[in-house]
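Input: a single structure, listed below in structure tokens.
As the structure is a prediction and not an experimental result, all values here were calculated from the model.
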Protein chains: 2
Amino acid sequence: MNSLAEENYLKAMLSLSNDKGEVNVNELSKRLEIKMPTVTSMMKKLSAKKLVYYQSYKPLRLTEKGRKEAAFIIRKHRLTEMFLVEKMGFGWEEVHSIAEQVEHIQSAEFFEKMDKLLGYPKLDPHGSPIPDKNGKMVWKQYRKLSECEADEVVKLSAVINTSKDFLKFLNSRHLSLGMKLKVKFIEQFDQTMLVSYGKYDKEALSHIVCERLLVEKV
Amino acid sequence: MNSLAEENYLKAMLSLSNDKGEVNVNELSKRLEIKMPTVTSMMKKLSAKKLVYYQSYKPLRLTEKGRKEAAFIIRKHRLTEMFLVEKMGFGWEEVHSIAEQVEHIQSAEFFEKMDKLLGYPKLDPHGSPIPDKNGKMVWKQYRKLSECEADEVVKLSAVINTSKDFLKFLNSRHLSLGMKLKVKFIEQFDQTMLVSYGKYDKEALSHIVCERLLVEKV
DNA sequence: GTAATAAGTTAGATTAAACTAACTAATTTA
DNA sequence: TAAATTAGTTAGTTTAATCTAACTTATTAC
Ligand SMILES: [Mn+2]
Ligand SMILES: [Mn+2]
Ligand SMILES: [Mn+2]
Ligand SMILES: [Mn+2]
């Protein structure tokens, strides 16, 4: 079994890895808020456990085994978030920090029960895909709202940043997943978008916000 | 905050402490499967944190603060067991090892939601009392089935040992909490009891088993 | 009431996971 | 391309939590 610390490294590596499956020590260090020498030594340890390919000064890569273990932790995290929202009545802004802890629970049955009670969901409350039991995870082809043009009508399908503050901001604007959004106007100066949705006609959303909203065609 | 290790010591201390609130280093050591010198050094640490009264060679005692923290962990454990049985469909024999992990989750709201969804239960699936939010916990005045006499009729209200094997044994005999039991005969030689309950007329229960079944008047 | 046994402590070692300081390699800038 | 900057490594330290070996105190047995 892997320790809690090891699990956190694996998860961070998977979520940071680029299309080639590569991550840098520096990025990992920043994400985990752990200094680089500590990351280096953990990489050597994970390499000895065949979870990571490690060569000095080269980008880091998860092995297939490492990728699967990481995906399984993310699966547990996202199932938990879904369970907390759907079965326990939490808001989507409250679940991440609880899921960060629950994801480390060692009990296949516990997460199988969650999965079953939820009806085998494919997406978590923030629109992120839940890896399947084989560790397979596919992101749909979303666009950022910030990349849309005036007059486009799209559906809000996922959010990039899942920080409590950002989600509370979305709550305050009555924005939630599945909503139809229409881009009314884009301010050229700062890219602020005026968007209509639900009963709101011209809500102003800053570029910072629009970059974090993932949408798809209606 | 207390570490996972510290929480486990506090919990073990509360569950082992006698009517005077005392525990020995040796008992703690055995319960936690941790050697005595390690226990001694942890006691000094908990003493520095004002969670334990520690004096060399004297019995150990929790402070009021320590007792409350321990009770709160037991509260989280038992609420979890109840939630797993009532809301997630686990058997009473499966929940202890999962609860051992979930009890360390740091989120008051998580356990408040459980409590509310369960309708503020007073007992866990094994008949043990769930400490209230102030850390108060009272055991009802149960007797052991082994102390009953022939012809007595009692209700099975709790079990002492909650090991998976023991609970699976009870399942195999179709024994569960709340059942009415009638003592038909007590074998003088080995104290085996012949008991009738449900559709069973003369089930033989060994002394070892009867000592672990807590009953009350019907 | 002493000797044997059990319980508890002290001292020192080990491991995991973090750190800082100092160094080296790779990349970017001018 | 040489200098400056950034990224990564090595060496050594720290803290929490465990251990063993050796010693001391308390309890039990005779
Ligand atoms: Mn999350
Ligand atoms: Mn999520
Ligand atoms: Mn239990
Ligand atoms: Mn229980």
Side-chain angles (χ1 to χ4, degrees), chain A residues 1-18 20-62 66 69-70 73 100-101 103-104 106, chain B residues 1-13 15-18 20-62 66 69-70 73 100-101 103-106:
Chain A
M1 253 321 87
N2 302 313
S3 68
L4 194 143
E6 289 167 343
E7 291 198 343
N8 284 332
Y9 280 92
L10 293 174
K11 189 166 63 113
M13 286 182 76
L14 182 55
S15 86
L16 287 173
S17 57
N18 63 20
K20 286 183 205 150
E22 296 175 343
V23 208
N24 300 321
V25 173
N26 193 249
E27 294 163 357
L28 250 189
S29 167
K30 280 173 185 149
R31 165 67 65 94
L32 294 167
E33 295 183 271
I34 284 170
K35 297 290 182 293
M36 289 204 293
T38 308
V39 173
T40 297
S41 72
M42 181 58 93
M43 288 305 110
K44 289 176 177 172
K45 188 174 161 197
L46 293 177
S47 171
K49 294 179 81 172
K50 306 281 183 202
L51 295 165
V52 164
Y53 295 117
Y54 175 77
Q55 288 176 280
S56 299
Y57 298 102
K58 297 276 169 64
L60 307 166
R61 236 153 23 85
L62 288 169
E69 304 215 4
I73 300 160
E100 285 286 313
Q101 300 177 67
E103 71 191 5
H104 301 289
Q106 303 294 332
Chain B
M1 255 319 89
N2 303 313
S3 69
L4 195 143
E6 289 167 343
E7 291 198 343
N8 285 333
Y9 281 91
L10 293 175
K11 188 167 63 113
M13 285 181 77
S15 87
L16 287 173
S17 57
N18 63 19
K20 287 184 204 150
E22 296 174 344
V23 210
N24 300 320
V25 172
N26 193 249
E27 294 162 358
L28 249 189
S29 166
K30 279 173 185 148
R31 165 67 65 95
L32 294 168
E33 296 182 270
I34 284 171
K35 297 289 182 292
M36 288 205 293
T38 309
V39 173
T40 296
S41 72
M42 180 59 93
M43 289 304 110
K44 289 176 177 172
K45 187 173 160 196
L46 294 177
S47 171
K49 294 179 82 172
K50 305 282 184 202
L51 295 165
V52 164
Y53 294 116
Y54 174 78
Q55 289 175 279
S56 300
Y57 297 103
K58 296 277 168 63
L60 306 166
R61 235 154 23 85
L62 288 169
E69 304 215 4
I73 300 160
E100 285 286 312
Q101 300 177 68
E103 71 192 4
H104 300 290
I105 300 241
Q106 302 294 333

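The CD-P distance, from A:Glu7 to C:dA16, rounds to 16 Å in whole Å. Atom CG of A:Leu32 is separated from atom P of C:dC19 by 10 Å (rounded to the nearest Å). In this structure, CG of A:Leu28 is placed 15 Å from C1' of C:dA18, rounded to the nearest angstrom. We find that CD of B:Glu6 is positioned 9 Å from C1' of D:dA16, with the value rounded to whole Å. If you take CD of B:Glu27 and C1' of C:dA7, they are 11 Å apart, rounded to a whole angstrom. Put simply, CE on B:Met42 is 6 Å from P on D:dT18, counting in whole angstrom units. Atom-to-atom, CG of A:Leu4 to C1' of C:dA18 comes out at 14 Å; the value is rounded to the nearest Å. Rounded to whole Å, atom P of C:dA16 lies 12 Å from atom CG of A:Leu46.
Contact of the A:Tyr9 side chain with the A:Leu32 side chain is registered, since non-hydrogen atoms from C-beta on lie closer than 4.5 Å. For the pair B:Ile34/B:Met42, no side-chain contact is recorded, criterion being any heavy-atom separation below 4.5 Å from C-beta on. A heavy-atom distance below 4.5 Å is found between the side chains of A:Leu51 and A:Asn2. At a threshold of 4.5 Å between non-hydrogen side-chain atoms, the residues B:Pro59 and B:Lys20 do not count as touching.
Residue A:Val25 places its side chain closer to D:dG8 than to any other of D:dG8, C:dC19, D:dT20. Of the candidates D:dT20, D:dT18, D:dT9, D:dT18 carries the atom nearest the B:Ile34 side chain, counting heavy atoms from C-beta on. In this structure, of D:dG8, C:dC19, C:dT9, it is D:dG8 that holds the atom nearest to the side chain of A:Asn26. Each of D:dT25, D:dT18, D:dT9 was ranked by its minimum atom distance to the side chain of B:Tyr57; first place goes to D:dT25. Residue A:Pro37 places its side chain closer to C:dC19 than to any other of D:dT18, C:dT9, C:dC19. With distances taken from any side-chain atom of A:Thr40 to the nucleotides D:dT10, C:dT10, D:dT18, the minimum falls on D:dT10.
Within the structure, every side-chain polar atom (N or O) of A:Tyr9 is placed at least 4.0 Å from both OP1 and OP2 of C:dA16.
Taking for each of A:Glu33 and A:Ser56 the nucleotide of DNA chain C with the nearest heavy atom, the 5'-most of the two is the partner of A:Glu33.
A:Ser3 comes within contact range of the sugar-phosphate backbone alone, with a heavy-atom separation under 4.0 Å but no base atom that close. Here B:Thr38 lies in heavy-atom contact (under 4.0 Å) with a base. Within the nucleic acid shown, A:Lys44 comes within 4.0 Å of sugar-phosphate atoms alone, with no base atom in reach, counting heavy atoms only.
Partner of B:Lys11 under the salt bridge (Lys or Arg N to Asp or Glu O under 4.0 Å) criterion, out of B:Glu69, B:Glu100, B:Glu6: B:Glu100 alone.
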